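Okay, so here's the structure we're looking at.
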Number of protein chains: 2
Amino acid sequence: MEAPRWLDEREERAWRGYRRMRLLLDLELARELTQDAGLSEADYDVLSDLSETPQGRLRLRELADRMLWSRSRLSHHLTRMQQRGLVTREECADDARGSVVVLTPAGRQAIESAAPGHVAAVRRHLIDLLTPAEVDALGALTHRVVDHLAAPGLRATRPQPAAEA
Amino acid sequence: MEAPRWLDEREERAWRGYRRMRLLLDLELARELTQDAGLSEADYDVLSDLSETPQGRLRLRELADRMLWSRSRLSHHLTRMQQRGLVTREECADDARGSVVVLTPAGRQAIESAAPGHVAAVRRHLIDLLTPAEVDALGALTHRVVDHLAAPGLRATRPQPAAEA
DNA sequence: GGCAAGTCGATGACATGTCAACGAAAGCGT
DNA sequence: ACGCTTTCGTTGACATGTCATCGACTTGCC
């Protein structure tokens with residue numbers, strides 16, 4: 001504790017690079033997505049997860065867990081998306097407390113027309129800039145960090161982080 | 001357009017891993033920072049950049065550029081930090097339009113007592129989980145992406161509206 | 001000098017995210 | 001059957017970030 005191990009030059013470079021990439025990459029991807037498809041990244045993620053299910057429907061809780069979002073955040077966001085006609089809410093048959101989020105035709109249309117451009121942007125600004133070895137390294141490293149954060153005895157205050165399959 | 005090149009399995013793994021890491025790592029670092037030092041990540045970054053200057057003072061514009069923040073965002077945030085006594089604003093001698101952000105003693109105290117814990121958290125949740133080769137790879141890859149985003153004729157380098165022909 | 005254009009920073013309106021609290025409905029143990 | 005606890009989703013208050021705009025000042029050009 002007394003003697004903090006500061007980051008050495010290479011570690012510092014990696015850490016600063018990561019933070020700066022996060023900022024700029026997000027900004028650019030969000031900008032293109034808004035411009036080309038009229039969606040925010042949050043919208044895209046919601047629609048994307050929904051469209052990956054056979055019916056285009058998910059329990060709100062299930063969707064929140066998959067996205068690692070708080071239910072509050074998802075609920076607020078769905079309200080806004082609902083007003084734009086991208087999704088609807090239905091009552092849940094098995095559990096009268098719950099509700100089911102349902103992709104509307106407009107919502108499916110939106111994600112299907114947005115996806116190719118978005119994937120292309122991810123390629124152009126990230127994936128295609130990396131060597132195959134770097135892609136693998138990034139995959140390995142990020143998953144290790146995620147497992148570390150999701151697994152150990154952290155939590156304490158937040159009943160939030162849900163592990164997933 | 002017509003034939004989007006979707007991500008293959010390894011690319012998908014890297015991309016999803018990155019996004020998930022970003023979410024969880026940010027959440028955890030912010031949580032610890034708030035709990036241990038009463039600072040948000042934004043606060044930390046502002047104080048950190050300020051404390052790296054000899055005088056602990058910077059033009060607002062200069063600080064915004066370093067952080068890649070919009071001036072609006074910085075101005076709003078400084079107002080809040082000012083109310084908490086972490087920084088003050090002074091008029092700029094050379095340019096009557098501008099103002100200078102100044103680190104207060106309380107602000108310096110805050111960053112100095114927060115830094116060791118924060119660096120330790122960055123190590124614990126990221127750096128120390130990586131091999132030296134991965135640290136270098138992450139440094140290389142992120143800088144390449146950042147250069148790509150900042151360099152080309154892609155309109156704005158910063159959150160500043162650029163003229164478009 | 002004087003005017004047009006650009007830069008600086010602040011601000012208000014608004015979009016989005018967090019947090020704590022709530023009512024309703026399951027679940028659980030007895 | 002009955003309470004106690006937990007889970008579900010919503011909500012309101014608030015923190016934060018974005019965007020457009022403004023007034024003040026500087027700069028460039030004639």
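Remember, predicted model here, so these are calculated numbers, not experimental data.
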[X] side chain near [N] phosphate (N/O to OP1/OP2, under 4.0 Å):
X	N	value
B:Arg59	C:dG9	yes
A:Ser75	D:dT10	yes
B:Arg97	C:dG9	no

In whole Å, what is the span from the [atom1] atom of [X] to the [atom2] atom of [N]?
X	N	atom1	atom2	value
B:Met81	D:dG17	CE	P	11 Å
A:Leu27	C:dT16	CG	C1'	16 Å
A:Arg71	C:dC19	CZ	P	15 Å
A:Leu58	D:dG9	CG	C1'	15 Å
B:Gln82	D:dA15	CD	P	17 Å
B:Leu78	C:dT11	CG	C1'	14 Å
B:Arg61	C:dA10	CZ	P	14 Å
A:Glu91	D:dG9	CD	P	12 Å

- Would you say the base of D:dT10 and the side-chain of A:Ser72 have a donor-acceptor pair closer than 3.5 Å?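 No.
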
- Item | Under 3.5 Å donor-acceptor pair, A:His76 side-chain atoms to D:dT10 base atoms | no

- Task: Answer with yes or no whether the side chains of B:Asp43 and B:Ser40 bring together a donor and an acceptor at under 3.5 Å.
- Result: yes

- Item | Side-chain donor/acceptor of B:His143 to backbone N/O of A:Arg13, under 3.5 Å |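 Side chain of B:His143 to backbone of A:Arg13, a donor-acceptor pair under 3.5 Å: yes, one is there.
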
- Query: Is B:Thr53 reaching over with its side chain to a backbone N or O of B:Asp49, donor-acceptor style, under 3.5 angstrom?
  - Reply: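 Checking the backbone N and O of B:Asp49 against the side chain of B:Thr53, no donor-acceptor pair under 3.5 Å is found.
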
- Item | Min side-chain heavy-atom separation B:Arg89-B:Leu60 under 4.5 Å | yes

- Message: Assuming nearest nucleotide by heavy-atom distance, tell me which of B:Arg80 and A:Gly98 is located more 5' along DNA chain D.
- Response: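 Result of the comparison: A:Gly98.
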
- Rounded distance [0.5 Å steps], OG1 in A:Thr142 versus CG in B:Leu129: 12.0 Å

- Task: Hey, which sits more toward the 5' end of DNA chain C by its nearest nucleotide, A:Asp95 or A:His77?
- Result: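 The 5'-side residue here is A:His77.
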
